[in-house]
Amino acid sequence: MNLLAERYSAVFERLTQAAQQANRNPAEITLVAVTKTWPAETVLQAYDAGMRHFGENRPEELAEKRQAVEAVLGPGNGITWHLIGTLQSRKTDLAADYADTFHALDRLKIANRLAQQLKENGRILPTLLEINVSGEESKSGWACQAWETNPHQQQELQNAITAVSYLPGLKLQGLMTMAPWNVPPQEIRSVFRRTRQLLEWLNTAVSPPLTTLSMGMTDDFEIAIEEGATHVRVGRAIFGTR
Ligand SMILES: *Cc1c(COP(=O)(O)O)cnc(C)c1O
């Protein structure tokens, strides 16, 4: 086995163990291999090692890599391209044209632009709302650091969900969050747990229910799985240090 295949299988083993620890079926969890900064050749090697879900945080990089990979494998290659980073409004057209799933919708202005462009190109974009439950100022996403007790934060989020549900092209499927940097594991766990509880709370009022929880990266994906993640986004553990 080559190094990439070995690392992939080690990550898969960690994922499986975490799922079993939490009495969950590992097959319910999607491992998104984060290829940002790595060239298209790396994606092709990862494809050969069996990976089919790839994550990029910049839309221009996703568009370029997707086209390079499709030039080799053809369009019907079974890959799902996840755009995992927040979008600037002048880049929404790239996301509308090239992303298969968008994890980081953080404001309605972006939703409106995406919807307009999706209407034009006829694509459907499964989308997650990025949630900021840690309250870190550097994090984007809907302000939810006090969602349990703050009616304003609850209302803002519910309004956003309603607004997005009326837009063409965007298919709202769940929530995404990022754990804070350099904090103890119990604090990371609390961020993931509160995000899952938020999803459950939203589902008492939202239909169809939101089912996707994108959380967990190289250093914390096991905790995320224990707290209910359906998608983990792992870069360094598979591809090495960027
Ligand atoms: C880079 C990135 C990841 C992967 O991080 P690793 O620490 O390399 O696993 C996950 N999610 C987002 C949004 C990222 O930008």
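Atoms within a ligand are numbered from 1 in the order they appear, just like the ligands themselves.
A side-chain N or O of Lys91 and one of Gln88 form a donor-acceptor pair less than 3.5 Å apart. No hydrogens or angles considered: a donor-acceptor pair under 3.5 Å links the side chains of Thr92 and Gln117.
The two atoms that bring Ala104 and Met176 nearest to each other are CB-CE, 4.3 Å, heavy atoms only.
Residues that satisfy the side-chain hydrogen bond (donor to acceptor under 3.5 Å, both in side chains) test with Glu41, not counting sequence neighbours, are absent from this structure.
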Throw together a table of side-chain donor-acceptor distances under 3.5 angstrom for residues 78-86, partners on residues two or more places apart or in other chains.
{"residue": "His82", "atom": "ND1", "partner": "His103", "partner atom": "NE2", "Å": "2.9"}
{"residue": "His82", "atom": "NE2", "partner": "His53", "partner atom": "ND1", "Å": "2.9"}

Using atom types as modelled, flag every donor-acceptor pair under 3.5 Å from a side chain in residues 3-11 to any protein atom, sequence neighbours excluded.
{"residue": "Arg7", "atom": "NH1", "partner": "Ile238", "partner atom": "O", "Å": "3.3"}

Tabulation required: pairs of a nitrogen or oxygen in ligand 1 and a protein nitrogen or oxygen under 3.5 Å; columns are atom names and distance to 0.1 Å; otherwise 'none'.
{"residue": "ligand 1", "atom": "7 (O)", "partner": "Arg236", "partner atom": "NE", "Å": "2.9"}
{"residue": "ligand 1", "atom": "7 (O)", "partner": "Arg236", "partner atom": "NH2", "Å": "2.7"}
{"residue": "ligand 1", "atom": "8 (O)", "partner": "Arg236", "partner atom": "N", "Å": "2.9"}
{"residue": "ligand 1", "atom": "8 (O)", "partner": "Arg236", "partner atom": "NE", "Å": "3.4"}
{"residue": "ligand 1", "atom": "8 (O)", "partner": "Arg242", "partner atom": "NH1", "Å": "2.8"}
{"residue": "ligand 1", "atom": "8 (O)", "partner": "Arg242", "partner atom": "NH2", "Å": "3.2"}
{"residue": "ligand 1", "atom": "9 (O)", "partner": "Thr218", "partner atom": "N", "Å": "3.0"}
{"residue": "ligand 1", "atom": "9 (O)", "partner": "Thr218", "partner atom": "OG1", "Å": "2.5"}
{"residue": "ligand 1", "atom": "9 (O)", "partner": "Gly235", "partner atom": "N", "Å": "2.8"}
{"residue": "ligand 1", "atom": "11 (N)", "partner": "Arg233", "partner atom": "NE", "Å": "2.9"}
{"residue": "ligand 1", "atom": "15 (O)", "partner": "Lys36", "partner atom": "NZ", "Å": "2.7"}

